[in-house]
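Notes follow the structure.
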Amino acid sequence: MGHTATEQAGSGGLTATEHRLANGLRVVLSEDHLTPVAAVCLWYDVGSRHEVKGRTGLAHLFEHLMFQGSAQVKGNGHFELVQGAGGSLNGTTSFERTNYFETMPAHELELALWLEADRMGSLLTALDEESLENQRDVVKNERRQRYDNVPYGTAFEKLTAMAYPEGHPYHHTPIGSMADLDAASLEDARAFFRTYYAPNNAVLSVVGDIDPARTLAWIEKYFGSIPSHDGKQPPRDGTLPDVVGTELREVVEEEVPSRALMAAYRLPHDGTREADAADLALTVLGGGESSRLYNRLVRRDRSAVAAGFGLLRLAGAPSLGWLDVKTSAGVEVPAIERAVDDELARFAAEGPTPEEMERAQAQLEREWLDRLATVSGRADELCRFAVLFGDPQLALTAVQRVLDITPEEVQAVAKARLRPDNRAVLVYEPTEPAGNAAEEGETEQ
């Protein structure tokens with residue numbers, strides 16, 4: 001096996017052990033015999049931040065290609081085999097990673113490991129022009145359905161492009177552009193796979209009703225012969241100043257249900273105490289119906305129908321504080337913006353009350369414990385902390401780190417970062433539906 005197991009560390013009785021294969025694959029195991037299921041999670045250290053201009057969207061395209069067949073699993077066979085065994089599966093792509101995961105009945109764990117190893121080791125034998133064109137069309141259709149043809153669908157893309165300047169590795173979102181998707185060649189796809197889909201660029205976690213020795217034997221059997229690859233370049237530096245220095249603003253006139261104010265604030269990198277403090281600040285301000293912004297805008301002023309403020313945690317670049325307010329009928333965005341800035345300034349000056357602090361910490365604690373309580377959630381978090389921070393054990397102590405944050409730290413990050421000169425702002429103004437405009441024009445004629 002050629003592995004080394006680190007000492008166990010836990011929170012609430014949870015434990016994990018670490019191992020490494022000779023080809024560099026990192027393995028994290030966590031036993032949980034509460035229910036007869038097992039989760040397999042595989043994180044590859046590749047996301048949209050690894051892409052270059054003109055070739056955006058390759059990481060996400062490859063997430064789809066990984067379900068198109070490999071040497072011994074043809075076509076849609078991966079889905080068919082897992083679902084036929086009573087399991088569930090999927091994959092996702094972000095700025096910082098691509099992950100694949102299955103939750104299986106415990107006695108079908110070996111099948112999931114074999115499937116993941118087969119496509120890691122042999123996808124290139126099945127990758128051809130037909131499968132590339134098929135999944136290119138799927139991804140382009142996904143872009144139409146989730147971004148281009150839904151209300152406010154391009155907000156995330158627009159705000160990230162504003163928050164991260166041109167040339168920054170996070171300037172573009174994982175979905176990529178239509179033009180770049182069209183330009184991707186079969187050789188581009190093959191080179192991408194060879195570079196990033198190697199065992200030494202991945203972390204495999206298995207959580208649930210498992211026998212660790214047997215699980216490690218299966219992993220060695222199926223993954224051990226896959227060769228490593230040393231051609232990967234590190235992602236470009238995502239460092240930026242703590243504060244933007246000026247407010248960036250764009251007005252979008254589209255056919256949307258109501259006016260909207262959205263903003264992205266530059267916040268501390270994930271994995272720091274400051275990021276946990278920012279998470280608590282945003283929870284007090286906009287984390288649900290007990291938050292300050294919801295109480296002010298929706299309940300008291302009735303100027304908005306929805307108001308939320310949440311943290312997009314990022315490790316390789318500043319995180320983003322994401323503000324989203326949908327206005328009530330007839331309310332102008334400037335009135336909403338004045339109220340938001342008033343609440344942020346008051347919070348920066350006074351900090352959270354003891355009751356707000358207790359409620360916010362309890363809310364984040366519950367969210368963390370809910371995630372760690374499921375085998376799939378724990379498997380994903382073990383991979384996340386291993387890939388992004390080098391230590392999967394940090395997943396098991398994340399709850400305590402949130403509870404250790406002080407009100408003074410929460411106030412400090414709000415005062416330093418939740419300022420008008422540290423945000424990108426997107427204002428949506430509704431337009432008349434195209435059909436209505438045409439009908440009106442016909443009536444006038």
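Note: hydrogens, waters and symmetry copies are ignored here, and every other heavy atom, side chains too, is used. Numbers here simply count residues along the sequence, with the first being 1.
In this structure, K326 is not positioned above the aromatic face of Y428 in the sense of NZ or CZ being under 6.0 Å from the six-membered ring centre and within 45° of the axis. Under the 6.0 Å distance and 45° angle rule, R143 counts as a cation-pi partner of Y147.
Side-chain contact annotation: D180 with T56, donor-acceptor N/O pair under 3.5 Å present. A donor atom on one side chain and an acceptor atom on the other are not found under 3.5 Å apart for T431 and E253. For the residue pair S131/N134, the side-chain donor-acceptor check at 3.5 Å is not satisfied. Using a 3.5 Å distance cut-off with no hydrogens or angles, the side chains of T92 and R97 do pair a donor with an acceptor. No side-chain donor from either of H269 and E274 sits under 3.5 Å from a side-chain acceptor of the other. Between the side chains of E409 and T406, a donor-acceptor pair is found at a separation under 3.5 Å. Using modelled atom types, one finds a donor on one side chain and an acceptor on the other under 3.5 Å when comparing D118 with S70. Side chain to side chain, D404 and Q400 meet the donor-acceptor criterion of an N or O pair below 3.5 Å.
R119 is not listed as a side-chain neighbour of V73, based on a closest heavy-atom distance of 4.5 Å or more. Residues L89 and H78 are in side-chain contact: their nearest non-hydrogen atoms beyond the backbone lie under 4.5 Å apart. Looking at N99 and N90, their side chains never come closer than 4.5 Å, going by heavy atoms from C-beta outward. Contact of the N23 side chain with the P227 side chain is not registered, since no non-hydrogen atoms from C-beta on lie closer than 4.5 Å. Side-chain atoms of C41 and C383, non-hydrogen and from C-beta on, do get closer than 4.5 Å to each other. In this structure, V425 and E247 have side chains that are in contact, with non-hydrogen atoms separated by less than 4.5 Å. Counting only heavy atoms from C-beta outward, the side chains of L314 and E96 approach each other to under 4.5 Å. In this structure the side chain of F193 reaches within 4.5 angstrom of the side chain of M66, judged on heavy atoms.
Each of W322, Y265, Y294, F347 was evaluated against F309; a single residue qualifies, Y265, per the ring pair (Phe, Tyr, Trp, His ring centres under 6.0 Å) test.
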task: Please step through salt bridge (charged side-chain N to carboxylate O under 4.0 Å, His left out) for the pair R146 and E142, ending with a clear verdict.
output: CA-CA 6 Å; R146 295 177 53 191; E142 179 183 340; 2.5 Å; yes

query: Would R378 and S30 count as a side-chain hydrogen bond (donor to acceptor under 3.5 Å, both in side chains) if you check the C-alpha gap in whole Å, the side-chain angles of each, and the deciding distance to 0.1 Å?
result: CA-CA 9 Å; R378 197 185 321 156; S30 180; 3.1 Å; yes

task: Given side-chain hydrogen bond (donor to acceptor under 3.5 Å, both in side chains), test T283 with Q363 step by step and report yes or no.
output: CA-CA 8 Å; T283 301; Q363 184 174 329; 5.1 Å; no

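Panel note: side chain Q361, backbone L403; a donor-acceptor pair is recorded below 3.5 Å. Counting only distance, with no hydrogens or angles, the side chain of R299 and the backbone of E289 share a donor-acceptor pair below 3.5 Å. Using modelled atom types, one side-chain atom of N295 and one backbone atom of S290 make a donor-acceptor pair closer than 3.5 Å. Under the 3.5 Å distance criterion, the side-chain polar atoms of K232 are matched with a main-chain donor or acceptor of D45. Looking only at distances, a side-chain donor or acceptor of N201 sits under 3.5 Å from a matching main-chain atom of Y196. Listed for the E102 side chain is no donor-acceptor partner under 3.5 Å among the backbone atoms of G87. Formation of a donor-acceptor pair under 3.5 Å by the E343 side chain with backbone atoms of R292 is not found in this model. No side-chain donor-acceptor contact under 3.5 Å links R401 to the backbone of D276. In terms of modelled atom types and a separation under 3.5 Å, the side chain of D188 and the main chain of S185 share a donor-acceptor contact. Proximity of a side-chain donor or acceptor of N422 to a complementary backbone N or O of R266 within less than 3.5 Å is detected.
The 12-atom threshold is exceeded at CD of E429, counting heavy atoms of other residues, nucleotides or ligands nearer than 6.0 Å. More than 12 heavy atoms of other residues, nucleotides or ligands sit less than 6.0 Å from atom CD of E187. Counting heavy-atom neighbours within 6.0 Å of E350 CD, excluding the residue itself, gives a total above 12. Atom CZ of R300 is surrounded by more than 12 heavy atoms from other residues, nucleotides or ligands within 6.0 Å.
Less than 6.0 angstrom separates the ring centroid of Y197 from the ring centroid of F62. For an aromatic pair to be called close, the ring centres must be under 6.0 Å apart, and H171 with Y164 fails this.
Between H168 and Y170, the angle of the ring planes lies from 30° to 60°, which puts this pair in the tilted group. Ring pair Y100/Y44 is perpendicular by interplanar angle, where above 60° counts as perpendicular and below 30° as parallel.
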